[in-house]
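Everything below concerns the one structure shown next.
Heavy-atom basis, side chains included; hydrogens, waters and symmetry copies ignored. We count residues from 1, following the sequence as given. Being a predicted model, the structure only gives us computed values, none of them experimental.
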Amino acid sequence: MDDKVKELLDRVRNTAVGAADAANQTARIAGKKAGQMVDVAKLNVQLFDLNGEFSEVLRQLGQVMYDAHRGQEADGEITAALLERADELSGRVEELKERIAALRQSKTCPACGAVCGRDDQFCRRCGGSL
């Protein structure tokens, strides 16, 4: 076989191996990103439910306050239990918000300033290395 043809075939093979490695890495990163998106969606559903429950507790506390304003005797045990539940729910809401923020972390491309994912190795806009 001619040396030039052999050299050309070697370059083609090396390019194909490099492209396959890049495609494999891209697929792994895409899989991670999809998993993160699913995790964020699940956390958002939990956050929605907690916010609804928190709103209900606040509504009940408001009713207790209004009843006290109208001269009705407030039950201290019920009020204390509602306040404790509100504190618990508020803490859980903040915890979920922090977890969502951690999953959504991003970085900025030094070349063009585009916002890219935390695990991205190349910019989505310009293709520059991150």
Side-chain angles (χ1 to χ4, degrees):
M1 184 181 293
D2 187 270
D3 286 341
K4 288 186 179 185
V5 171
K6 185 177 178 183
E7 182 181 330
L8 177 63
L9 290 175
D10 284 343
R11 276 197 251 160
V12 168
R13 182 180 56 80
N14 289 341
T15 300
V17 167
D21 289 344
N24 186 18
Q25 186 175 12
T26 301
R28 274 196 315 264
I29 291 171
K32 274 186 181 178
K33 195 64 173 174
Q36 287 175 344
M37 290 173 61
V38 167
D39 290 344
V40 167
K42 287 178 182 177
L43 291 173
N44 277 325
V45 168
Q46 290 177 16
L47 184 60
F48 180 81
D49 291 342
L50 279 176
N51 278 326
E53 190 176 344
F54 184 64
S55 292
E56 175 59 22
V57 169
L58 291 180
R59 187 200 64 73
Q60 291 173 12
L61 279 168
Q63 185 66 50
V64 168
M65 294 300 295
Y66 183 69
D67 290 345
H69 166 72
R70 296 190 71 205
Q72 294 179 6
E73 182 88 19
D75 185 343
E77 289 181 25
I78 291 176
T79 303
L82 286 171
L83 288 170
E84 186 177 324
R85 184 70 178 143
D87 288 341
E88 176 191 337
L89 290 170
S90 177
R92 288 174 56 195
V93 164
E94 288 307 313
E95 177 187 320
L96 283 178
K97 286 180 179 180
E98 288 172 8
R99 288 174 57 192
I100 290 169
L103 285 172
R104 286 185 172 166
Q105 282 181 349
S106 60
K107 54 187 170 182
T108 304
C109 175
C112 70
V115 176
C116 299
R118 148 179 93 182
D119 295 325
D120 290 352
Q121 294 187 1
F122 299 96
C123 175
R124 297 172 187 187
R125 183 188 302 161
C126 73
S129 178
L130 300 172

Can you tell me which residue pairs pass the salt bridge (Lys or Arg N to Asp or Glu O under 4.0 Å) test with a partner in residues 59-84, sequence neighbours excluded?
E56-R59
Applying salt bridge (Lys or Arg N to Asp or Glu O under 4.0 Å) as the test, list every pair that has at least one member in residues 7-26; sequence neighbours left out.
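Matches after skipping sequence neighbours: E7-R11.
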Once you round to the nearest 0.5 Å, how far does [atom1] of [X] lie from [atom2] of [Y]?
X    : Y    : atom1 : atom2 : answer
F54  : D49  : CZ    : CG    : 15.0 Å
Q60  : T79  : CD    : OG1   : 11.0 Å
R124 : L130 : CZ    : CG    : 9.5 Å

Can [Y] be reached from [X] by stepping across I, L, V, M, F, W or Y side chains whose heavy atoms are under 4.5 Å apart?
X   : Y   : value
L50 : L58 : yes
V64 : V57 : yes
L83 : I78 : yes

Tell me every residue that passes side-chain hydrogen bond (donor to acceptor under 3.5 Å, both in side chains) with D119, counting only those two or more places apart in sequence or in another chain.
Q36
For residues 86-100, dump all side-chain donor-acceptor pairs below 3.5 Å to protein atoms at least two apart in sequence or in another chain.
unit_1	atom_1	unit_2	atom_2	d
E88	OE1	R85	NH1	3.2
E88	OE2	R85	NH1	2.7

By side chain to side chain contact (heavy atoms under 4.5 Å, CB included) - contacts of A111 (at least two apart):
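Applying side chain to side chain contact (heavy atoms under 4.5 Å, CB included) to A111 gives C109, C126.
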Note: D2-K6 ion pair, threshold 4.0 Å (strictly below)
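Salt bridge between D2 and K6, a charged N being under 4.0 Å from a carboxylate O: no.
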